[in-house]
Amino acid sequence: MPGIEWILLYVALGTFAGFMAGLLGLGGGGILVPLLASIFIYQGMAVDNVVHLALGTSLTCMIISSTASMRAHAALGSVEWRIVRGMAPGIILGAFLASQIAAHINATYIAIFFALFMLLVAGHMFINWQPKASKKPISLRGLIFMGIGIGSVSALAAVGGGFLTVVYLGYKSVGIKKAISTSAAIGLPIAIAGATGYMISGWSKTLSNPYTFGYIYLPAFLAISIASFIAAPYGVRCSHSLPEAYLKKIFAVISLALSIKMLISFVHF
């Protein structure tokens, strides 16, 4: 097992990520992935595997944090379950297939995609841009196709599902509170499908690494998920009582800085 200092670091990371998951409905992946990748490098894991391990472990942790966040939002009656049911099949398909493809993509390219996507997230949060509301009603076909796209992006950028869902629901004239709550619920099928995909695709590539199940690192998963499960409801409460604009900007700055760090770590200019 890793030393106590690593476990405490995972607990601190899980507490912060869980709080942000509940606050913004973004799953916490923007924080988890770059920090986990850096920690795994310092622990001496193979560089070729650390991004995939970070993504797989992050998505697995999101099963716990998304469950806690979803329950808290559902208790407030703000989840649009019709939308969740409509998007879930596409999300599961997209996340699983993309995780299988990701196993064959060089870690550098995934790091670049993640960093660029987080740049988009940060820019969106800074300017608080919202698409012009559509006059077309939400359709089942639209939810399924959007679910495939969101699930696919989420397998490569663990924060993608929450961000894209909130933007899409805003485009469909769903209020921000309900969009965030629904996004939190949608995070659960994203996490389950993505984590399963990374576990299967990485099974033969991490056999020599102790405490790994495919691209999932068990000690990090346990410490982070327990801490995030406890912290997520507090983030939910804050999302319904605190001004989100300033908190989103703080989250954007932190996520952007961490993503740039990961980009620098994996791209050799």
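Predicted model only: the values in this text are computed from it and were never measured. We count residues from 1, following the sequence as given.
Note: Phe221 CZ to Ser58 OG = 11.5 Å, rounded to the nearest 0.5 Å. Between the NE2 atom of His52 and the CE atom of Met45 there is a distance of 14.5 Å, given to the nearest 0.5 Å. Distance check: Met87 CE to Ile138 CD1 gives 9.0 Å after rounding to the nearest 0.5 Å. Atom CD1 of Ile39 is separated from atom CG of Leu32 by 9.0 Å, given to the nearest 0.5 angstrom. The distance from atom CG of Leu222 to atom OH of Tyr217, rounded to the nearest 0.5 Å, is 10.5 Å. Here the CG atom belonging to Leu35 is positioned 5.5 Å from the CG atom belonging to Leu13, to the nearest 0.5 angstrom.
Within 6.0 Å of the OH atom in Tyr234, the count of heavy atoms belonging to other residues, nucleotides or ligands does not exceed 12.
Cluster membership for Phe96 and Leu164, using ILVMFWY side-chain heavy atoms within less than 4.5 angstrom, is not shared. Tracing side-chain contacts under 4.5 Å through hydrophobic residues (I, L, V, M, F, W, Y), one never reaches Ile148 starting from Leu143; they form parts of separate clusters. Cluster membership for Ile91 and Ile101, using ILVMFWY side-chain heavy atoms within less than 4.5 angstrom, is shared. If you chain together hydrophobic residues whose side chains sit under 4.5 Å apart, Leu93 and Tyr168 never meet in one group. Clustering ILVMFWY residues whenever any of their side-chain heavy atoms sit less than 4.5 angstrom apart, transitively, puts Tyr215 in the very cluster that holds Tyr109.
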| query | Gln43 and Trp6: side-chain contact (heavy atoms from CB on, under 4.5 Å), yes or no, with the steps? | reply | CA-CA 9 Å; Gln43 285 187 255; Trp6 298 111; 3.8 Å; yes
| Please walk me through it: do Leu156 and Phe114 pass side-chain contact (heavy atoms from CB on, under 4.5 Å)? | CA-CA 7 Å; Leu156 298 176; Phe114 182 91; over 6 Å; no
| Does the pair Ile92 and Ile192 meet the rule for a side-chain contact (heavy atoms from CB on, under 4.5 Å), with working shown? | CA-CA 8 Å; Ile92 292 171; Ile192 292 174; over 6 Å; no
| request: Go through the steps to decide whether Ser78 and Ser181 satisfy the test side chain to side chain donor-acceptor pair (under 3.5 Å), and finish with yes or no. | output: CA-CA 6 Å; Ser78 53; Ser181 298; 2.6 Å; yes
| Yes or no on side-chain contact (heavy atoms from CB on, under 4.5 Å) for Tyr10 and Leu36, after CA distance, side-chain angles and deciding distance? | CA-CA 9 Å; Tyr10 291 138; Leu36 278 176; 3.8 Å; yes
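Listed for the Gln100 side chain is a donor-acceptor partner under 3.5 Å among the backbone atoms of Gly197. With hydrogens and angles disregarded, no donor-acceptor distance shorter than 3.5 Å links the side chain of His73 to the backbone of Ser183. For Thr182 (side chain) and Ala179 (main-chain N/O), no donor-acceptor pair under 3.5 Å exists by modelled atom type. Of the possible polar contacts, one joining the Lys205 side chain to the Ala103 backbone as a donor-acceptor pair under 3.5 Å is found. At distances below 3.5 Å, not a single donor-acceptor pair connects side-chain atoms of Ser152 with backbone N or O atoms of Ala95.
Note on ring orientation: taking the six-membered ring where Trp is involved, the planes of Trp203 and Phe213 are tilted (angle from 30° to 60°).
Minimum heavy-atom separation, Gly86 to Ile144: O-CG1, 3.6 Å.
When each of Thr57, Leu59, Leu53, Leu55 is paired with Val33, the side-chain contact (heavy atoms from CB on, under 4.5 Å) condition holds for Leu55 and for no other.
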